[in-house]
2 protein chains.
Amino acid sequence: MDVRALVGINVQRLRRGRGLTQLELSLQSGFTRAYLSGLEAGKRNPRLLSLERLASVLEVQIEDLVRRSKSGFGSSDGG
Amino acid sequence: MDVRALVGINVQRLRRGRGLTQLELSLQSGFTRAYLSGLEAGKRNPRLLSLERLASVLEVQIEDLVRRSKSGFGSSDGG
DNA sequence: CTGTGACTGCTAGTCCGTA
DNA sequence: TTACGGACTAGCAGTCACA
């Protein structure tokens, strides 16, 4: 699981959780809709301040964007 | 407190905690020493994958890099 | 309402020298 | 051991058009 995909999933979940469309989030965050689409798809490598901006609009901490959802706990990162 | 400064502080603390110099961290992470210097000073805006790389070398999660140290809890962000 | 490809401008990150 | 600045390269942010 790529971190980018992880962030994408979290953003989409958070966005939908707040009943927002990509368009609405784009308006509030200042990012374009097309960019958010790619972001949620895990195809983008956002900057720290971009993450901050997103977290702010979604009313969460940055750590909530990079945190793994619990669908299997413990990283099987053997090395 | 800027997020960039926050990350910088965390990186420096974690690095020193592991007894590493900037040079050693640069070797292990692949980033240049000059860059790490600016990063720890909070002057850089790293990308998500860069954060991941740093966290990996420091053996922590990305969230540990963006998390606020508890030196006064509660953001007075009235928002 | 959302995903994708080509394009342009900006900047993250590199390399080198100095204090 | 670390901080700072300038020129350079590669990759990303952001846009438009199409489905």
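So that the names make sense, note that chain A is the first sequence line, chain B the second, and so on, each numbered from 1.
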For [X] and [N], what is the distance between atoms [atom1] and [atom2] respectively, to the nearest whole Å?
X     : N      : atom1 : atom2 : answer
A/L39 : D/dC12 : CG    : C1'   : 12 Å
B/F31 : C/dA12 : CZ    : P     : 13 Å
A/L49 : D/dC12 : CG    : C1'   : 14 Å

Which pairs, with at least one residue in residues 16-25 of chain A and sequence neighbours excluded, count as a salt bridge (Lys or Arg N to Asp or Glu O under 4.0 Å)? A/R18-A/E59

Please classify the nucleic acid contact of B/G30 as base, sugar-phosphate, or nothing, using heavy-atom distances under 4.0 Å. sugar-phosphate

Tell me what A/S50 touches on the nucleic acid: a base, only sugar-phosphate, or nothing, going by heavy atoms under 4.0 Å. nothing

I need the minimum non-hydrogen distance between B/I62 and B/A55, along with the two atoms involved. N-CB, 3.9 Å

Excluding sequence neighbours, so at least two apart, what forms side chain to side chain donor-acceptor pair (under 3.5 Å) with A/R15?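 A/E40.
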
Tell me the side chain to side chain donor-acceptor pair (under 3.5 Å) pairs involving residues 45-56 of chain B, sequence neighbours left out? none

Among residues at least two apart in sequence or on other chains, which ones pass salt bridge (Lys or Arg N to Asp or Glu O under 4.0 Å) with B/R4?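 Partners of B/R4 by the salt bridge (Lys or Arg N to Asp or Glu O under 4.0 Å) criterion, ordered by chain and then number, come out as B/D2.
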
For A/Y35 and D/dA13, is the shortest distance between a side-chain N/O and OP1 or OP2 below 4.0 Å? yes

Can you name the side chain to side chain contact (heavy atoms under 4.5 Å, CB included) partners of B/A34, sequence neighbours left out?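 Result, side chain to side chain contact (heavy atoms under 4.5 Å, CB included) vs B/A34: B/T32.
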
Mark up nucleotides 1-10 of chain D, 5' to 3', with B wherever a protein heavy atom is under 4.0 angstrom from a base atom, S wherever such an atom reaches only the sugar-phosphate, and - elsewhere. -BBS------

